[in-house]
Amino acid sequence: MALVEVKVPDIGDFDEVTVIELMVKVGDTIKAEQSLITVESDKASMEIPSSTSGVVKELRVNLGDKVKQGSVVLVLEAIGAVAAAVTTPAAVPVVAAPIVAAPPVAEPAAAVPAVVAPVVASGSAPAPAHNPGESTLGLPHASPSVRKFARELGVPLEEVKGNGPKGRISQDDVQAFTKAVMSGAAQTKAQSAKAPSGGDGAALGLIPWPKLDFAKFGPIERKEMGRIKKISGANLLRNAIMIPAVTNHDDADITELEAFRVSTNKENEKSGVKVTMLAFLIKACVAALKKYPEFNSSLDGDAIVYKNYWHIGFAADTPNGLMVPVIKDADKKGILQISQEMGELAKKAREGKLGPAEMTGASFTISSLGGIGGKYFTPIINAPEVAILGVCKSTHEPVWDGKQFVPRLMLPLSLTWDHRVIDGAAAARFNAYLGQILGDFRRVLL
Ligand code: CAO
């Protein structure tokens with residue numbers, strides 16, 4: 001096999017140009033005419049194509065190198081017959097005179113995902129490579145192959161942040177942008193224009209968010225929000241704004257249930273599985289959801305989609321923010337299994353190890369602050385679900401039994417529901433039924 005040196009061809013008026021992009025690497029099989037590197041002068045950038053097909057054996061240039069006509073770009077092991085004198089095709093101009101220093105690129109604005117709920121894939125996400133708010137004057141700085149690639153994917157190149165020299169956009173930048181949009185971590189300008197998700201309220205016709213220099217009033221420390229907080233915040237904002245939500249508060253008498261839970265845990269001490277109140281709540285909610293199916297539904301345009309599965313999400317407080325793991329098919333599982341799964345999922349959530357499948361598909365969510373405290377609160381619905389149950393700390397309270405006040409362990413329940421799907425009477429019935437089950441679990445069998 002012949003080894004061929006591919007050289008920089010006649011590059012016109014330029015004496016020396018800088019290598020700003022390497023488009024191939026050692027081991028790549030390339031075709032004749034395929035672009036190998038991009039070079040740039042102070043007036044234009046151009047791609048240097050290959051003179052022949054072959055396998056790259058050696059790269060002779062690095063990013064930032066100065067090259068001129070005749071400089072060897074790389075050595076190829078030629079495939080097929082190679083003419084003794086190889087003619088290098090002319091360089092392909094990219095953009096005439098685009099070379100202005102790129103504006104400093106700000107950190108991406110808090111991305112507003114199009115995905116549902118605080119459902120956050122674990123692991124590190126691609127760095128959002130774009131900032132929809134940033135305007136780029138003139139043509140984006142990218143090679144023809146990158147432009148073609150972006151065109152094929154329908155990516156608005158002017159919104160992609162270039163990470164190359166002087167803000168040049170590479171294929172990797174386009175891919176990172178696409179991944180960020182697909183994962184919901186970023187939005188295109190077109191998407192932002194459609195959704196009333198702007199953090200400043202402008203899309204809703206509201207007055208601007210107050211901007212204050214807090215340092216004027218005392219010492220401050222500024223910390224960027226983590227990815228999970230950004231994603232869940234955007235979802236919560238959308239859900240709070242778009243759902244006509246109402247919250248009903250009620251109390252359930254869990255005196256006997258708590259006594260049963262405590263005794264069960266004593267009996268099962270050696271099993272390593274601790275039965276939690278939340279596991280009973282999940283089971284009780286499944287029974288209530290079966291009796292009142294509209295609480296286990298979603299809105300789809302003018303239709304209501306009733307789900308014949310009962311996957312229950314539960315809010316977990318983690319060092320990175322709120323996460324919602326899901327107990328799948330809670331109707332088919334016993335209290336012990338639910339308790340065990342919940343423990344494992346909550347641990348994974350805190351360690352940031354939950355997979356996307358473990359955080360999706362919930363048909364109803366419970367948010368329990370019972371281990372912490374409080375009386376009632378108004379949880380925000382985890383769209384596209386239509387209801388969420390908030391639970392606070394149970395306390396002993398005097399309850400009138402018809403003859404006298406007796407101390408009973410009362411559990412505060414707060415049910416938030418979507419008034420487009422559910423009526424107030426149904427919500428009151430749901431809470432009352434839930435309270436009855438928690439008061440006497442035998443009712444589940446009726
Ligand atoms: N009333 C009184 N005590 C309760 C209770 C309740 N409703 N719920 C739990 N407790 C008790 C438990 O019995 C436990 O006590 P012991 O250690 O003595 O047995 C203690 O509180 C701690 O419970 P826990 O919170 O660790 O366990 P859990 O099963 O109740 O909850 C989980 C698990 C993952 C839901 C919880 O750890 C958590 O993250 N809660 C926060 C959820 C949240 O942030 N919601 C808000 C969302 S909106 O921002």
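We use all heavy atoms of the structure for the numbers below, so side chains are in, but hydrogens, waters and symmetry mates are not. Both counts, for ligands and for their atoms, begin at 1 and track the order of listing.
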Go through ligand 1 atom by atom and flag the ones less than 4.0 Å from a non-hydrogen atom of Thr276.
-> 29 (O)
Atom 34 (C) of ligand 1: nearest protein contact (heavy atom, Å) = Arg350 NH2, 3.6 Å
Residue Leu322 vicinity, atoms of ligand 1 by number, heavy atom under 4.0 Å = 47 (C)
Lys148, NZ: over 12 other non-hydrogen atoms inside 6.0 angstrom | no
For Ala279, is the nearest heavy atom under 4.0 Å from an atom of ligand 1?
-> no
Short side-chain donor-acceptor distance under 3.5 Å, Asp253 and Thr255 = yes
Among Ser232, Gly343, Ala315, the residue with a heavy atom nearest to atom 35 (C) of ligand 1 is Ala315
Is atom NZ of Lys375 surrounded by more than 12 heavy atoms (other residues, nucleotides or ligands) closer than 6.0 Å?
-> yes
Enumerated ligand 1 atoms positioned under 4.0 Å from heavy atoms of Met342 | 29 (O)
Per-atom contacts, ligand 1 versus Arg261 - under 4.0 Å to a heavy atom | 13 (O)
Which residue supplies the protein heavy atom nearest to atom 18 (O) of ligand 1, what is that atom called, and how far is it?
-> Lys274 NZ, 4.9 Å
Contact partition for Leu369 relative to ligand 1, non-hydrogen atoms under 4.0 Å = side chain
Under 6.0 Å from the NZ atom of Lys328, do we count more than 12 heavy atoms belonging to anything else shown?
-> yes
Judged by heavy atoms only, the candidate from Gly321, Ser394, Gly390, Pro412 nearest atom 1 (N) of ligand 1 is Ser394
Would you say the side chains of His311 and Ser363 form a donor-acceptor pair under 3.5 Å?
-> no
Proximal candidate to atom 46 (C) of ligand 1 [heavy atom criterion; set Ser367, Pro379, Gly371, Gly374] | Ser367
Just say parallel, tilted or perpendicular for the rings of Tyr433 and Tyr292, cut-offs at 30° and 60°.
-> perpendicular
The closest protein heavy-atom partner of atom 39 (O) of ligand 1 is Asp317 N, 2.9 Å
Per-atom contact, atom 24 (P) of ligand 1, protein heavy atoms, under 4.0 angstrom | no
Proximal atoms of ligand 1 relative to Ser368 (non-hydrogen, under 4.0 Å) = 40 (N), 41 (C), 42 (C)
If we ignore angles and hydrogens, is there a donor and acceptor under 3.5 Å between the side chains of Glu258 and Ser394?
-> no
Ile437 side chain reached by Phe280 side chain, heavy atoms, under 4.5 Å = no
Please tell me if the side chains of Arg147 and Phe149 come closer than 4.5 Å, counting only heavy atoms from C-beta onward.
-> no
Are any of the side-chain nitrogens in Glu159 or Lys161 under 4.0 Å away from the carboxylate oxygens of its partner?
-> no
For Leu278, the ligand 1 atoms with a heavy-atom partner under 4.0 Å come out as 35 (C)
Should we count CZ of Phe260 as having more than 12 external heavy atoms under 6.0 Å?
-> no
Within-shell test, Met323 vs ligand 1, heavy atom, strictly < 4.0 Å | no
With heavy atoms only and a cut-off of under 4.0 Å, state how Ile380 meets ligand 1: side chain, backbone, both or neither.
-> neither
Is the side chain of Asp418 donor-acceptor paired with the backbone N or O of Arg420 at a distance under 3.5 Å, no angle test?
-> yes
Close-contact set for ligand 1 against Ala316 heavy atoms, below 4.0 Å = 39 (O)
shortest atom 7 (N) of ligand 1-to-protein heavy-atom contact is with Cys392 O, 3.0 Å
Atom 4 (C) of ligand 1: closest protein heavy atom, distance to 0.1 Å, is Gly370 O, 3.3 Å
Which of the numbered atoms in ligand 1 are below 4.0 angstrom from a heavy atom of Leu411?
-> 7 (N)
Pair Glu344 + Lys348, salt bridge at N-O below 4.0 Å = no
For atom 29 (O) of ligand 1, state whether the nearest protein heavy atom is under 4.0 Å away.
-> yes
